[in-house]
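Below, read A as the first sequence line, B as the second, and so on, with proteins coming before strands; counting in each chain starts at 1.
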Amino acid sequence: MKVLPQTFYWDKNVTRIAKNLLGKVLVTNIQGKKSRGIIVETEAYSYKERGCHAYNNKMTARNQIMFEKGGLAYVYLCYGIHHLFNVVTNGSGKAEAVLLRALQPVEGFAWMTHRMNTSSIKRITSGPGKLTKAMGIDRTFNGKDLITSEVCIEEGMKVNNKQIVTSARIGIDYAGPDAKLPWRFYLKDNEWISKV
DNA sequence: TAGAGGATTGAT
DNA sequence: TCAATCCTCTAC
């Protein structure tokens, strides 16, 4: 399977990338343990709106990766417990990213169930905090590039617009009116998307 | 330097 | 409905 080129992430329209990522395949290869999952749910974030860590171009120690050129991983800890995995997009200085919220596992079931401490593969990657754990992603992945490192994204299945459902993003009520932006995208009728 | 809160999850 | 749990940011 072909790895997406860095130019894929340089699109200036972050919501278009969020949609384009649906059907693509997230791959981790950690100490020889290969895991792969089709991306079935994403959310877009931009410095232009309040839901984003880098709102108003505010750079901090945590979010500085978002200001880099597209094609890097932005991983951070949420609620002190969960690692969330984002893909940095756009050019340098334009802080935008796509959060991966759910995967459909296709390879590495044994590693995933082991990491999740369960025997069932069901709903094992249906949520942003769960998919990082199942794939073995943690904060040490912050800033890694998505072309040559242990984590990358490959071309996957074709998705047409009719299969894509759009909705408001989850868990950012504090963002005021921006919380209502239709920037969450997922595959219609897919059983692997996160619980709402 | 202390205090508040968060792009979540799973158990109660 | 709520606790877990700790890093990050803000205010003092």
Rounded to whole angstroms, how far apart are [atom1] on [X] and [atom2] on [N]?
X: Arg115(A); N: dT9(B); atom1: CZ; atom2: C1'; result: 19 Å
X: Asn142(A); N: dA7(B); atom1: CG; atom2: P; result: 15 Å
X: Ile124(A); N: dG10(B); atom1: CD1; atom2: P; result: 10 Å
X: Phe85(A); N: dT8(B); atom1: CZ; atom2: P; result: 16 Å
X: Arg50(A); N: dG6(B); atom1: CZ; atom2: C1'; result: 16 Å
X: Tyr174(A); N: dG6(B); atom1: OH; atom2: P; result: 8 Å
X: Lys133(A); N: dT8(B); atom1: NZ; atom2: C1'; result: 12 Å

Using a 4.0 Å heavy-atom cut-off, does Arg169(A) contact any base of the nucleic acid, only the sugar-phosphate backbone, or nothing at all?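 Arg169(A): no heavy atom of the nucleic acid under 4.0 Å.
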
How would you label the contact of Gly51(A) with the nucleic acid (heavy atoms, under 4.0 Å): base, sugar-phosphate, or nothing?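 Base, at least one base atom sits under 4.0 Å.
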
Determine the stems involving DNA chain C; a stem requires 3 or more consecutive pairs of the Watson-Crick or G-U wobble kind, each with both distances below 3.5 Å, and the answer is none if no such run exists. B:1-6 with C:6-11, B:8-11 with C:1-4

Does His53(A) place a side-chain N or O at less than 4.0 Å from the phosphate oxygens OP1/OP2 of dA7(B)? yes

Mind checking the P distance from dA2(B) to dT5(C)? Whole angstroms is fine. 22 Å

With the sugar-phosphate defined as primed atoms, P, OP1 and OP2, and the base as all remaining atoms, what B/S/- string results for nucleotides 5-12 of chain C, 5' to 3', for protein heavy atoms under 4.0 Å? BBSSSS--

Asn56(A) side chain to Lys58(A) main-chain N or O, any donor-acceptor pair under 3.5 Å?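 No, because the side chain of Asn56(A) does not come within donor-acceptor range (under 3.5 Å) of the backbone of Lys58(A).
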
Sidechain-backbone polar pair: Asn142(A) side chain, Val75(A) backbone, donor-acceptor under 3.5 Å: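 Judged by distance alone, yes, a pair lies under 3.5 Å.
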
What about Phe141(A) and His83(A), are their ring centers closer than 6.0 Å? no

Check side chain to side chain contact (heavy atoms under 4.5 Å, CB included) between Val88(A) and all other residues, then give those that pass, not counting sequence neighbours. Ile65(A), Leu72(A), Tyr74(A)

Considering all heavy atoms of both residues, which atom of Met135(A) and which atom of Thr28(A) are nearest to each other, and what is their separation? O-OG1, 2.9 Å

So which atom in Lys24(A) and which in Leu4(A) form the shortest heavy-atom distance, rounded to 0.1 Å? CE-CD2, 3.7 Å

Give a yes-or-no answer on whether the side chains of [X] and [Y] include a donor-acceptor pair shorter than 3.5 Å.
X: Glu41(A); Y: Ser194(A); result: yes
X: Glu96(A); Y: Ser46(A); result: yes
X: Ser126(A); Y: Lys130(A); result: yes

Report the residue (Lys130(A) or Ile172(A)) whose heavy-atom-nearest nucleotide on DNA chain B is the more 5′ of the two.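 Its nucleotide being nearer the 5' end, the pick is Ile172(A).
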
